[in-house]
Amino acid sequence: MAHIAIPIPPGNGKQEVEIEVTINGQKQELHYRVELFYWEDCEVPTVDRAECISHLLKDYDQEWSLYFIGSPTDEFVPITFVKRDDLKKQRALLQPV
């Protein structure tokens, strides 16, 4: 699948992103959420950051699916989610006709 990078202004907390695209005449809406997860929010001391991320996401809203883990900083990691229904749409578009 081809990718298009769209810069999103930095912000604190959750950022809801709605994108409407037309590809080969077919219009679609896609819903993303970008959220910053802070290392200090890890309740249990962990050996590595992957374990911390797993702990932070274990009870995340089931309407959203993990889409992309961004480059971490010393303070946080940005994580992008996509609505589960939109993920199904994207996968269907990848199927050969």
**Report entry** Partners passing side-chain hydrogen bond (donor to acceptor under 3.5 Å, both in side chains) against Glu16 (at least two apart in sequence or in another chain)
**Finding:** Arg33

Query - side-chain hydrogen bond (donor to acceptor under 3.5 Å, both in side chains) partners for Glu63, two or more places apart - result: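 Lys83.
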
Query - Reported SG-to-CZ distance for the pair Cys52 and Arg49, which is rounded to 0.5 angstrom - result: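 Rounded to the nearest 0.5 Å, the SG-CZ separation comes out at 8.5 Å.
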
Report task. Return the set of residues passing ring-ring contact (aromatic ring centres under 6.0 Å, His included) with Phe81 (not counting sequence neighbours), or none when no residue passes. Result -> Tyr60

Could you see if [X] belongs to whatever hydrophobic cluster contains [Y]? Use Ile, Leu, Val, Met, Phe, Trp, Tyr and a side-chain cutoff under 4.5 Å.
X     : Y     : answer
Ile19 : Tyr67 : yes
Trp64 : Leu66 : yes
Val82 : Phe68 : yes
Ile69 : Trp39 : yes
Val17 : Leu30 : yes

**Report entry** Distance-minimising heavy-atom pair for Pro78 and Ser71
**Finding:**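 That would be CD-O, 3.4 Å.
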
Query raised in the report: How close do Glu18 and His31 get, heavy atom to heavy atom, and via which atoms?
Result: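 Closest approach of Glu18 to His31, heavy atoms only: CG-CD2, 3.4 Å.
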
Query raised in the report: Phe37 versus Ile53: any side-chain heavy-atom pair under 4.5 Å?
Result: no

Report task. For the residue pair Leu56 and Asp41, establish whether any side-chain heavy-atom pair is separated by less than 4.5 Å. Result -> yes

Requested in this report: Taking salt bridge (charged side-chain N to carboxylate O under 4.0 Å, His left out) as the test, write out the residues that go with Lys27, two or more places apart.
Outcome: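 Lys27 satisfies salt bridge (charged side-chain N to carboxylate O under 4.0 Å, His left out) with Glu20 only.
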
Query raised in the report: Can you list the residues that meet the salt bridge (charged side-chain N to carboxylate O under 4.0 Å, His left out) rule with Glu40, with sequence neighbours excluded?
Result: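 Testing Glu40 for salt bridge (charged side-chain N to carboxylate O under 4.0 Å, His left out), a comparison that skips the adjacent residues, returns none.
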
Query raised in the report: Under the side-chain contact (heavy atoms from CB on, under 4.5 Å) test, which residues partner Thr73, sequence neighbours left out?
Result: Glu75, Phe76

